[in-house]
**Q** 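Quick one: the structure is below, questions incoming.
Being a predicted model, the structure only gives us computed values, none of them experimental. Convention: sequence-line order gives letters A, B, ...; per-chain numbering from 1.
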Amino acid sequence: MDRVTVRQLVSGAESYAEKQVTLNGWIRNNRDQKSFGFIALNDGTHFNTIQIVYEREFLPNYDQVAALGVGSAISISGKLALTPEARQPFEIKAAEINLEGESPSDYPIQPKRHSREFLREVAHLRPRTNLFTAVFRVRSLLAFAIHQFFQEKGFVYLHSPIITANDAEGAGELFRVTTLDPKNPPVTDGEAVDYSADFFGKKTNLTVSGQLEAEAYALAFKDVYTFGPTFRAENSNTPRHAAEFWMIEPEIAFADLNDNMDLAEEMVKYLINYLLDKAETEMGFFNQFVDKGLKERLENIKNSEFARITYTEAVDELKKAKQKFEYPVEWGKDLQTEHERYLTEKVFYKPVFVTGYPKDIKAFYMRVNGDQKTVAAMDLLVPGVGEIIGGSQREERAEVLEQSMADFNINKEDLWWYMELRKYGGVKHAGFGLGFERALMYLTGVSNIRDVIPFPRTVNSCEF
RNA sequence: UCCUCAGUAGCUCAACGGCAGAGCGACCGGCUGUUAACCGGUAGGUUGCAGGUUCGAAUCCUGCCUGGGGAGCCA
């Protein structure tokens with residue numbers, strides 16, 4: 001008797017036709033009648049359930065099986081029957097059904113539609129629903145696709161540190177890493193906390209970006225990427241922000257901003273192709289139940305050039321717009337969400353790169369353009385989600401970088417090693433950060449980041 | 001952090017100053033191919049919490065808590 005998975009059956013049921021098979025799984029739905037019943041079983045290996053038909057005539061424990069609730073784990077043995085006229089192409093005629101783990105009647109997941117908000121409260125059980133089965137199968141595939149894309153191109157995968165003493169954004173919103181006693185920390189003469197007595201002998205935090213370290217490795221391996229967890233202690237409560245998320249950060253040497261955008265565009269298209277090919281069932285589900293226009297939109301993007309526009313052009317475009325904006329558009333100010341959405345959703349109807357932002361509103365490491373006013377930065381805006389990529393060509397000229405650091409009040413002693421990358425064989429290089437979850441949202445149509453992270457961490461929320 | 005909306009049965013919602021309800025789920029029963037099955041019945045409530053107004057509050061007012069959406073910040 002063959003032990004099989006639904007995945008195996010879906011990929012070739014014919015070879016099992018009329019044969020005895022054994023399956024394990026969890027009951028999604030159980031309906032019984034007087035002398036026969038049906039179980040929809042999900043065994044975890046495929047999005048689809050398999051229908052189990054059981055009959056009083058053949059099952060000595062028929063009444064026990066008929067009483068099994070949703071969520072129960074069972075093992076079943078029976079004959080595989082092809083049913084080309086039915087809604088499902090095959091089913092199992094059960095000869096034996098054994099209870100492996102019961103699920104009492106207070107099991108919170110019902111065979112009906114639940115709100116996303118409710119399912120977040122049962123995040124340990126929600127992977128047993130259709131939506132989350134699809135989301136997390138795709139999350140796994142997307143992670144693999146990212147590795148495959150970069151590996152095929154010869155990029156080296158870099159594990160940048162999780163604990164770090166540098167603050168790549170120059171922002172203050174970091175999770176402190178310390179072993180000091182919060183009630184009674186060691187104190188210097190001036191009564192400040194004495195971090196030299198801390199575990200690492202200095203102030204440390206969880207990483208907000210692996211970029212600076214990636215630059216070091218790009219200047220050795222030419223093309224590298226990081227892909228790992230990232231932590232931001234921002235007090236932002238939106239459907240697009242989480243305190244713990246994953247980020248992909250490629251860094252390429254002997255490359256400029258155009259090479260960077262070409263890479264980003266190629267990557268996004270690769271990921272779309274990968275999912276449409278490898279996750280057909282799940283993508284079909286998203287298209288039908290989550291975002292009706294999803295497939296059409298993704299298909300269009302595969303075949304179109306992403307728009308590219310400079311910040312200055314974007315400002316002109318926005319000033320010409322008939323639409324009224326809450327915030328006025330003005331050269332020198334950052335684009336508001338409403339402006340970004342207008343550009344990607346009303347002007348271009350597709351992903352758009354915006355480049356050449358004013359240097360005052362961007363990070364210190366971005367390469368200063370010839371006009372001395374803008375930097376070689378690029379953001380990729382996509383309809384529905386907004387910014388999913390932020391990147392730049394890096395400042396490789398030591399003296400210009402030093403000036404920028406001074407302008408941004410960044411202590412160059414702390415980044416002595418970063419400066420040395422410019423001193424020893426420094427070359428032009430560029431890179432970007434892709435928010436993994438934001439990409440996942442964009443590619444699945446799921447509109448809240450809390451629903452694409454298994455156990456999301458957000459402000460005031462760290463359950464599970 | 002600011003703005004805004006909402007918290008009523010396990011879930012999704014109705015009742016909007018006058019007896020707290022429905023569908024789904026659960027439980028009991030029926031049904032020879034169901035598939036978010038269908039049909040009949042039963043149970044299930046301190047209306048988020050604390051105050052206040054009123055003869056009377058789920059409903060109006062105040063504060064707090066929780067959640068959603070928008071903004072800022074960003075990926």
**Q** Looking at every strand, decide which applies to A/Q88 at a 4.0 Å heavy-atom threshold: base, sugar-phosphate, or nothing.
**A** base
**Q** Where the side chain of A/R232 is concerned, which of B/A26, B/A75, B/G69 is the nearest nucleotide?
**A** B/A75
**Q** With a 3.5 angstrom cut-off on both distances, give the Watson-Crick or G-U wobble partner of B/A71, or none if there isn't one.
**A** B/U1
**Q** Can you find a donor-acceptor pair, distance only, under 3.5 Å between A/R438 side chain and B/C74 base?
**A** yes
**Q** Describe the nucleic acid contact of A/D32 in one word from base, sugar-phosphate, nothing, applying a heavy-atom distance below 4.0 Å.
**A** base
**Q** Between the side-chain atoms of A/E91 and the base atoms of B/G33, is any donor-acceptor pair under 3.5 Å?
**A** yes
**Q** Do A/Q336 and B/G72 have a side chain to base donor-acceptor pair shorter than 3.5 Å?
**A** no
**Q** A/R450 near the nucleic acid: base, sugar-phosphate alone, or nothing, with a heavy-atom cut-off under 4.0 Å?
**A** sugar-phosphate
**Q** Categorize A/E244 for me: base, sugar-phosphate, or nothing, with a 4.0 angstrom heavy-atom threshold over every strand shown.
**A** nothing
**Q** Classify A/S236 by what it touches in the nucleic acid, base, sugar-phosphate, or nothing, heavy-atom distance under 4.0 Å.
**A** base
**Q** Contact class for A/E117 (heavy atom, under 4.0 Å): base, sugar-phosphate, or nothing?
**A** sugar-phosphate
**Q** P atom, B/U42 versus B/U62: distance in rounded Å?
**A** 43 Å
**Q** Quick check: A/Y225 with A/Y157 (ring centres under 6.0 Å apart)?
**A** yes
**Q** Of the candidate nucleotides B/G33, B/C31, B/C11, which contains the atom at the shortest distance from the side chain of A/Q110?
**A** B/C11
**Q** Which value, in whole Å, describes the distance between the P atoms of nucleotides B/C13 and B/U54?
**A** 35 Å
**Q** Is any N or O donor-acceptor pair between the side chain of A/K34 and the base of B/G33 shorter than 3.5 Å?
**A** no
**Q** Between the side-chain atoms of A/H241 and the base atoms of B/C74, is any donor-acceptor pair under 3.5 Å?
**A** yes
**Q** Using the P atom on both, measure B/C61 against B/G70 and round to a whole Å.
**A** 26 Å
**Q** Taking for each residue the nucleotide of RNA chain B with the nearest heavy atom, is it A/S447 or A/G433 whose nucleotide lies nearer the 5' end?
**A** A/S447
**Q** Name the orientation class of the two ring planes belonging to A/F231 and A/F175 (parallel below 30°, tilted from 30 to 60°, perpendicular beyond 60°).
**A** perpendicular
**Q** To the nearest 0.5 Å, tell me how far A/L401 CG sits from A/Y418 OH.
**A** 6.0 Å
**Q** Please give the nucleotide sitting opposite B/C60 as a Watson-Crick or G-U wobble pair, both distances under 3.5 Å, or none.
**A** B/G52
**Q** Between B/C11 and A/K112, is there an OP1 or OP2 to side-chain N/O distance shorter than 4.0 Å?
**A** no
**Q** Taking only the C1' atom of each, what is the distance from B/U34 to B/A15 in whole angstrom?
**A** 36 Å
**Q** Pick the closest RNA chain B nucleotide for A/R120 and for A/D334 by heavy atoms, then say which residue is nearer the 5' end.
**A** A/R120
**Q** Distance between the P atoms of B/G63 and B/A6, in whole angstroms?
**A** 16 Å
**Q** Would you indicate what A/P111 reaches in the nucleic acid, counting non-hydrogen atoms under 4.0 angstrom: base, sugar-phosphate, or nothing?
**A** base
**Q** Expressed in whole Å, how much space separates the P atoms belonging to B/C49 and B/G7?
**A** 13 Å
**Q** Quantified in whole Å, what is the P atom distance between nucleotide B/C27 and nucleotide B/G10?
**A** 16 Å
**Q** Is A/R240 touching bases, backbone alone, or none of the nucleic acid, heavy atoms closer than 4.0 Å?
**A** base
**Q** Partner lookup for B/G29, please. Criteria are Watson-Crick or G-U wobble with both distances under 3.5 angstrom; report none if nothing qualifies.
**A** B/C39
**Q** Give the nucleotide from the list B/C27, B/C74, B/U32 with an atom nearest to the side chain of A/Q33.
**A** B/U32
**Q** What nucleic acid atoms does A/T238 come within less than 4.0 Å of, heavy atoms only: base, sugar-phosphate, or nothing?
**A** base
**Q** From the list B/G33, B/U34, B/A75, which nucleotide is the closest neighbour of the side chain of A/V53?
**A** B/G33
